[in-house]
Amino acid sequence: MDIITDLAMFITPLWIAVIVGVVVGWAWKPKWAFHPKDALLKFRSPRPSNPQNDTAFTFSTTSSSAREKDASASASHLVTEYDLLHLWKLVEEKDGGPAWIQMMDRSTPTMRYQAWRRDPESGPPQYRSRTVFEDASPELVRDFFWDDDYRLKWDDMLIHASTIQECVLTGTMMVHWVRKFPFFCSDREYIIGRRIWDAGRIYYCVTKGVPCPSMPRHNKPKRVDLFYSSWCIRAVKSRKDDQLTSCEVLLFHHEDMGIPWEIAKLGVRQGMWGAVKKFDPGLRTYEKQRASGTALSPCARAAKINTKVTMDNVRSLENTISDLLETENQDSSDKPGGRNIPKLLIVGGAIALACTLDQGLLTKAVIFGVARRFAKMGGKRL
């Protein structure tokens, strides 16, 4: 009993130090701290007073169903204004990334295609392309790229496309794709969240990989988690008559397909034009079908549900994010002593433990070594 009492008396300060450290850590956590992405949700464009005028189509669903409401609300948060801001920065070349290296510049009588690539410090290669279609409206091109049903007819790589969730207010969708790869690779599966913003007939179309716990993974096809492919679609002057009768598509794309990046770059370089040159005949056939009165597919109807935004809104989002990050960095730098408290607690606790358990140098060396490692880890994380 005397030994147990002595041990308890010596160990008690260590536990007190740990408890005090936890309490102090939670007490000093800034209540204003939040992620910039969450802040952007406060700046969503207000819902129009008459949604039927803002959207050319409403899905034939039963609004009384709680399950459908939950699914719609869940889909609406898949792609946020943060994604819009990121795409806008890419378009305006304000994203701070490395310089683009031109890969291709090819033309047909009714289309011009240019492509660039860059290699970031981490992550897969990134691609940027500019496609100009003569005699095409931004709305037609928007629907063409959004229409999965029609894409299955002209895109040889896409072998399956289905809708998992959709939001009838914002047009946000979660879709499931399966793409065919060469015989030496298994097919690839994608869970994609996508949404369109309308900035006065300039369409920002964001598509990116999103998690979906309800869709189990399989060995084949292999799921691609890191996926980003977004467009800016707008009218530009025609090279024929200098009128705004052409349509420009700026595409930004990267993904991690599970293939060595150098091999992937070689495959993209070799197969790029073969895939791109199918755009124009596919678009012209799509235009003829639309002109003949062919019924719109669900995806094409969803492409008409856009979130209205102005360039002033986008710039205000950029300023808001910059202010939030600047405030957060400034407040964290005002408390330099806060980083030393966890380290002192860990080292102090280790000293008490070493003196309590053993008088040998080996035990003390081990405990001090472990404490030093944890102290370094704590300093890096804070």
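Both backbone and side-chain heavy atoms feed into the values below; hydrogens, waters and symmetry mates do not. Just so you know, these numbers come straight off a predicted model, no measurement behind them.
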Any side-chain heavy atom of [X] sitting closer than 4.5 Å to one from [Y]?
X    : Y    : result
D105 : R112 : yes
E93  : R128 : yes
R284 : F144 : no
V224 : K222 : no
K304 : R142 : yes
S230 : Y204 : no
R234 : V91  : yes
R188 : P221 : no

Does NZ in K180 sit with more than 12 non-hydrogen atoms of other residues, nucleotides or ligands closer than 6.0 Å? no
Does CG in D241 sit with more than 12 non-hydrogen atoms of other residues, nucleotides or ligands closer than 6.0 Å? yes
According to a hydrophobic-cluster definition based on side-chain heavy atoms being under 4.5 Å apart (Ile, Leu, Val, Met, Phe, Trp, Tyr only), do [X] and [Y] belong together?
X    : Y    : result
W273 : L283 : yes
M157 : W146 : yes
M272 : F133 : yes
V175 : V178 : no
V210 : M215 : yes

Could you go step by step and tell me if D147 and R151 meet the salt bridge (Lys or Arg N to Asp or Glu O under 4.0 Å) rule? CA-CA 6 Å; D147 193 337; R151 179 183 283 270; over 6 Å; no
Checking W88 against M311 for the side chain to side chain contact (heavy atoms under 4.5 Å, CB included) test, could you report, in this order, the C-alpha distance in whole Å, the side-chain angles of both residues, the deciding distance, and whether it holds? CA-CA 9 Å; W88 177 79; M311 289 297 98; 3.8 Å; yes
[X] and [Y]: which non-hydrogen atoms are nearest, and at how many Å?
X    : Y    : value
D143 : A303 : OD1-CB, 3.5 Å
A264 : Y127 : O-OH, 4.5 Å
W116 : Q114 : CH2-CB, 3.5 Å
D135 : E287 : O-OE2, 4.3 Å
C247 : A136 : CB-O, 3.4 Å
P98  : R118 : O-NH1, 3.1 Å

Side chains of S246 and R239: is there a donor and an acceptor less than 3.5 Å apart? no
Under 3.5 Å, is there a donor-acceptor pair linking the side chains of N313 and S316? no
Given K278 and D156, is the salt bridge (Lys or Arg N to Asp or Glu O under 4.0 Å) satisfied, shown in steps? CA-CA 10 Å; K278 298 177 183 178; D156 294 339; 2.4 Å; yes
How far does [atom1] of [X] sit from [atom2] of [Y], to the nearest 0.5 angstrom?
X    : Y    : atom1 : atom2 : result
E92  : L87  : CD    : CG    : 10.0 Å
M174 : T163 : CE    : OG1   : 11.0 Å
D187 : E189 : CG    : CD    : 10.5 Å
I191 : C212 : CD1   : SG    : 5.0 Å
T307 : D198 : OG1   : CG    : 9.5 Å
K240 : T110 : NZ    : OG1   : 8.5 Å

Check this for me: does any side-chain nitrogen of one of D119 and K265 sit under 4.0 Å from a carboxylate oxygen of the other? yes
Please list, chain by chain and in numerical order, all residues satisfying ring pair (Phe, Tyr, Trp, His ring centres under 6.0 Å) with F145, sequence neighbours excluded. W231, F279
Determine, step by step, whether Y228 and Q126 satisfy the side chain to side chain contact (heavy atoms under 4.5 Å, CB included) criterion, reporting the C-alpha distance in whole Å, the side-chain angles of both residues, the deciding distance to 0.1 Å, and the verdict. CA-CA 9 Å; Y228 183 85; Q126 300 178 358; over 6 Å; no
Can you tell which of D148, D155, T207 makes a side-chain hydrogen bond (donor to acceptor under 3.5 Å, both in side chains) with W177? D148
Excluding sequence neighbours, so at least two apart, what forms salt bridge (Lys or Arg N to Asp or Glu O under 4.0 Å) with D312? R315
Residues in salt bridge (Lys or Arg N to Asp or Glu O under 4.0 Å) contact with K153, at least two apart in sequence or another chain: none
When you look at F181 and I259, which way does the side chain to side chain contact (heavy atoms under 4.5 Å, CB included) test go after all the steps? CA-CA 11 Å; F181 273 59; I259 300 174; 4.1 Å; yes
Please verify the inter-ring angle class for Y150 with Y286; under 30° counts as parallel, over 60° as perpendicular, anything in between as tilted. tilted
Kindly give the cluster partners of L266, where membership spreads through any ILVMFWY side chain lying under 4.5 Å from a current member. none
Between I233 and E139, is a side chain to side chain contact (heavy atoms under 4.5 Å, CB included) present by the stated rule, with each step listed? CA-CA 9 Å; I233 303 174; E139 290 75 21; over 6 Å; no
Test of understanding: with side-chain contact (heavy atoms from CB on, under 4.5 Å), list the residues that count as partners of T294, not counting sequence neighbours. Q289, S292
Run the side chain to side chain donor-acceptor pair (under 3.5 Å) test on S238 and Q243 for me, step by step, so that the C-alpha distance in whole Å, both residues' side-chain angles and the decisive distance to 0.1 Å come before the verdict. CA-CA 5 Å; S238 171; Q243 301 295 317; over 6 Å; no
With a cut-off of 3.5 Å and sequence neighbours excluded, list every side-chain donor-acceptor pair involving residues 249-257.
| unit_1 | atom_1 | unit_2 | atom_2 | d |
| --- | --- | --- | --- | --- |
| H253 | ND1 | S229 | OG | 3.1 |
| H253 | NE2 | E255 | OE2 | 2.9 |
| E255 | OE1 | Y190 | OH | 2.6 |
| E255 | OE2 | R179 | NH1 | 3.3 |
| D256 | OD1 | G258 | N | 3.2 |

